[in-house]
Trainee: 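Structure provided below as structure tokens; questions to follow.
Here the structure is a predicted model, which is why all the values come from computation and not from measurement. Residue numbers run from 1 in the order of the sequence given.
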Amino acid sequence: MSSLDEAQVSFFREHGYLPMEAITSADEVAELRGIFDGLFASRAGWEQGRAFDLAGADEAGKEPVLPQIINPVEFAPALASTRFRVNALAIARQLIGPGAEPWFEHAINKPARIGAATPWHQDEAHRYDPGVDYEQISIWMPLQPATLENGCMQYIPGSHRGPVLEHHSLNDDPRISALECCATFDATKAVACPLPAGGAAIHHCRTLHCASANVTGQPRRAYILAFRGAPVPAPAREMFPWLRGKQTPAAQRAASWENRGGAVGRAGRAAAGVARRAARKISRMFRK
Ligand SMILES: O=C(O)CCC(=O)C(=O)O
């Protein structure tokens with residue numbers, strides 16, 4: 001099991017991010033790569049609104065430039081029992097405290113050559129839950145080497161000690177999920193974190209970060225586990241104004257999936273289909 005030494009913990013506290021050379025084994029990374037390629041090829045989670053183009057508007061006939069799947073473990077149960085998950089939770093408990101729990105996870109693919117840049121943002125700007133506050137960190141693991149050319153993570157050191165800055169939807173398009181920080185900050189202070197496959201970059205939810213476009217001939221895949229500490233009431237926390245007008249096609253797909261009964265509805269529809277087919281067969285037998 002991984003744990004951080006004192007120097008790593010104080011680096012994280014001071015800078016708001018921490019690169020690590022390894023968080024899991026090469027064998028596990030190879031296995032995860034196969035799983036990710038299968039999930040992205042089949043667009044797992046599309047109907048449920050869990051898969052979408054983070055930097056695009058999911059327009060029909062348009063190749064996604066930054067495909068993302070939220071909670072991929074729901075579509076690939078093998079992801080539930082990884083060394084990455086065990087090690088990441090241990091690290092999260094070191095950084096946030098013993099009460100830290102898994103919060104959500106995501107898989108991001110930056111496709112070869114067309115993979116879009118992930119804009120500068122703070123993860124906390126994406127929070128939809130007013131009235132509460134909690135510590136949150138993300139542990140980002142690349143499934144192949146991450147470089148400046150394919151889109152490694154970049155951070156503004158110390159930005160986690162400031163407030164949540166102003167954001168807007170990327171390209172001012174409310175159909176796009178990605179947020180971009182539109183406040184003034186010094187991007188020349190950015191530190192890039194190239195990593196080997198199976199390494200990790202840990203960041204605080206207020207740390208300003210981005211990842212450049214993928215200009216290489218290979219996809220850049222990343223698996224991200226987010227953790228949070230116990231929520232505490234924070235009545236003054238309101239919904240961020242940049243989230244109010246969001247109208248993403250993924251949210252519409254999620255709503256219509258739920259309206260149709262979600263997974264239960266799907267099982268019900270499948271069962272109804274079987275029953276209809278059986279009834280047709282029986283009535284055909286009686287007609288003979
Ligand atoms: O993988 C990327 O391109 C961006 C990931 C990111 O922004 C995050 O994990 O918070």
Side-chain angles (χ1 to χ4, degrees), residues 36 39-76 79 102-111 114-134 136 138 140 164-182 205 209-211 221-228 231 234 237-269:
F36 270 45
L39 289 174
F40 283 108
S42 64
R43 284 195 144 183
W46 176 261
E47 228 188 322
Q48 294 88 334
R50 298 287 181 79
F52 51 90
D53 188 354
L54 187 51
D58 283 341
E59 287 163 285
K62 262 203 176 169
E63 189 77 8
V65 288
L66 200 53
Q68 164 162 268
I69 302 172
I70 304 292
N71 291 342
V73 62
E74 287 177 26
F75 309 104
L79 296 179
W103 179 219
F104 66 94
E105 56 189 83
H106 45 143
I108 301 183
N109 181 28
K110 266 193 207 288
I114 60 160
T118 313
W120 283 108
H121 67 282
Q122 294 165 299
D123 290 343
E124 197 174 330
H126 280 276
R127 271 193 204 167
Y128 274 92
D129 39 8
V132 287
D133 199 4
Y134 44 85
Q136 181 186 330
S138 287
W140 185 97
V164 177
L165 300 171
E166 195 180 342
H167 284 66
H168 66 167
S169 292
L170 185 62
N171 304 335
D172 275 324
D173 184 341
R175 298 172 305 163
I176 299 183
S177 296
L179 293 173
E180 178 175 44
C181 177
C182 50
C205 57
H209 60 281
C210 76
R221 316 155 188 90
Y223 189 10
I224 303 115
L225 301 180
F227 299 88
R228 72 164 177 172
R237 275 190 75 117
E238 292 180 5
M239 167 91 111
F240 292 121
W242 47 83
L243 295 178
R244 283 202 203 105
K246 280 271 187 206
Q247 285 179 337
T248 65
Q252 282 160 10
R253 289 197 298 279
S256 82
W257 171 259
E258 286 310 318
N259 285 341
R260 284 180 283 130
V264 176
R266 184 179 204 167
R269 285 193 299 280

Trainee: Give me each pair satisfying salt bridge (Lys or Arg N to Asp or Glu O under 4.0 Å) with a member in residues 65-75, each pair once, sequence neighbours excluded.
Mentor: R50-E74

Trainee: Mind checking what makes side chain to side chain donor-acceptor pair (under 3.5 Å) contact with S169, not counting sequence neighbours?
Mentor: K246

Trainee: For residues A57 and I176, report the shortest heavy-atom separation together with the two atoms involved.
Mentor: N-CG1, 4.2 Å

Trainee: Might you point out which heavy atoms bring I114 and P64 nearest each other, and give the distance in Å?
Mentor: CD1-O, 3.9 Å

Trainee: Less than 4.5 Å apart, any side-chain heavy atom of P111 and any of P67?
Mentor: yes

Trainee: Does E105 have any side chain to side chain donor-acceptor pair (under 3.5 Å) partners at least two apart in sequence or in another chain, and if so, which?
Mentor: R85, Y223

Trainee: Can you establish whether the number of heavy atoms outside Q247 located under 6.0 Å from its atom CD is more than 12?
Mentor: no

Trainee: Please round to the nearest 0.5 Å and tell me the distance separating atom CG of L39 and atom CG of N109.
Mentor: 10.5 Å

Trainee: Apply side-chain contact (heavy atoms from CB on, under 4.5 Å) to R237 and R127, showing your working.
Mentor: CA-CA 11 Å; R237 275 190 75 117; R127 271 193 204 167; 4.0 Å; yes

Trainee: What distance do C181 atom SG and Q122 atom CD have between them, rounded to the nearest 0.5 Å?
Mentor: 6.0 Å

Trainee: Checking Y128 against M239 for the side-chain contact (heavy atoms from CB on, under 4.5 Å) test, could you report, in this order, the C-alpha distance in whole Å, the side-chain angles of both residues, the deciding distance, and whether it holds?
Mentor: CA-CA 6 Å; Y128 274 92; M239 167 91 111; 3.9 Å; yes

Trainee: Apply side-chain contact (heavy atoms from CB on, under 4.5 Å) to A222 and list each qualifying residue two or more places apart in sequence or on a separate chain.
Mentor: W140, R220, I224

Trainee: Does the distance from a Lys or Arg side-chain N to an Asp or Glu carboxylate O, for R228 and D133, drop under 4.0 Å?
Mentor: no

Trainee: Atom NZ in K110, atom CG in L54: separation rounded to 0.5 Å?
Mentor: 8.5 Å

Trainee: Please step through side-chain contact (heavy atoms from CB on, under 4.5 Å) for the pair I70 and F52, ending with a clear verdict.
Mentor: CA-CA 9 Å; I70 304 292; F52 51 90; 3.7 Å; yes

Trainee: Decide if the gap between the ring center of H126 and the ring center of H121 is smaller than 6.0 angstrom.
Mentor: yes

Trainee: With F75, which residues qualify under ring-ring contact (aromatic ring centres under 6.0 Å, His included), at least two apart?
Mentor: none

Trainee: Under the salt bridge (Lys or Arg N to Asp or Glu O under 4.0 Å) rule, collect the residues that match up with R175, sequence neighbours excluded.
Mentor: E59, D173

Trainee: Just verifying a value: how many Å separate T248 OG1 and D58 CG, rounded to the nearest 0.5 Å?
Mentor: 8.0 Å

Trainee: Applying ring-ring contact (aromatic ring centres under 6.0 Å, His included), can you list everything that pairs with Y134, at least two apart in sequence or on another chain?
Mentor: W103

Trainee: Which residues satisfy the ring-ring contact (aromatic ring centres under 6.0 Å, His included) test with H168, sequence neighbours excluded?
Mentor: none

Trainee: Considering all heavy atoms of both residues, which atom of A51 and which atom of A44 are nearest to each other, and what is their separation?
Mentor: CB-O, 3.2 Å

Trainee: Mind checking what makes salt bridge (Lys or Arg N to Asp or Glu O under 4.0 Å) contact with D123, not counting sequence neighbours?
Mentor: none

Trainee: Can you list the residues that meet the salt bridge (Lys or Arg N to Asp or Glu O under 4.0 Å) rule with R43, with sequence neighbours excluded?
Mentor: none

Trainee: Any donor-acceptor pair under 3.5 Å linking the side chain of D53 with the backbone of L66?
Mentor: yes

Trainee: Kindly write out the residues that satisfy ring-ring contact (aromatic ring centres under 6.0 Å, His included) with W120, not counting sequence neighbours, or none if the list is empty.
Mentor: F185

Trainee: Which atom names give the shortest non-hydrogen contact between A107 and P72, and what distance separates them?
Mentor: CB-CG, 3.9 Å

Trainee: Can we say E258 and R253 salt-bridge, meaning some charged N sits less than 4.0 Å from an Asp/Glu carboxylate O?
Mentor: no

Trainee: So, W242 side chain and A125 main chain: donor-acceptor pair closer than 3.5 Å or not?
Mentor: yes

Trainee: Can you name the closest pair of heavy atoms from H167 and L165 and give their distance?
Mentor: ND1-O, 2.8 Å

Trainee: Listed by chain and number, what are the salt bridge (Lys or Arg N to Asp or Glu O under 4.0 Å) partners of E180, not counting sequence neighbours?
Mentor: none

Trainee: Enter the distance from T118:OG1 to Q68:CD here, rounded to the nearest 0.5 Å.
Mentor: 9.0 Å

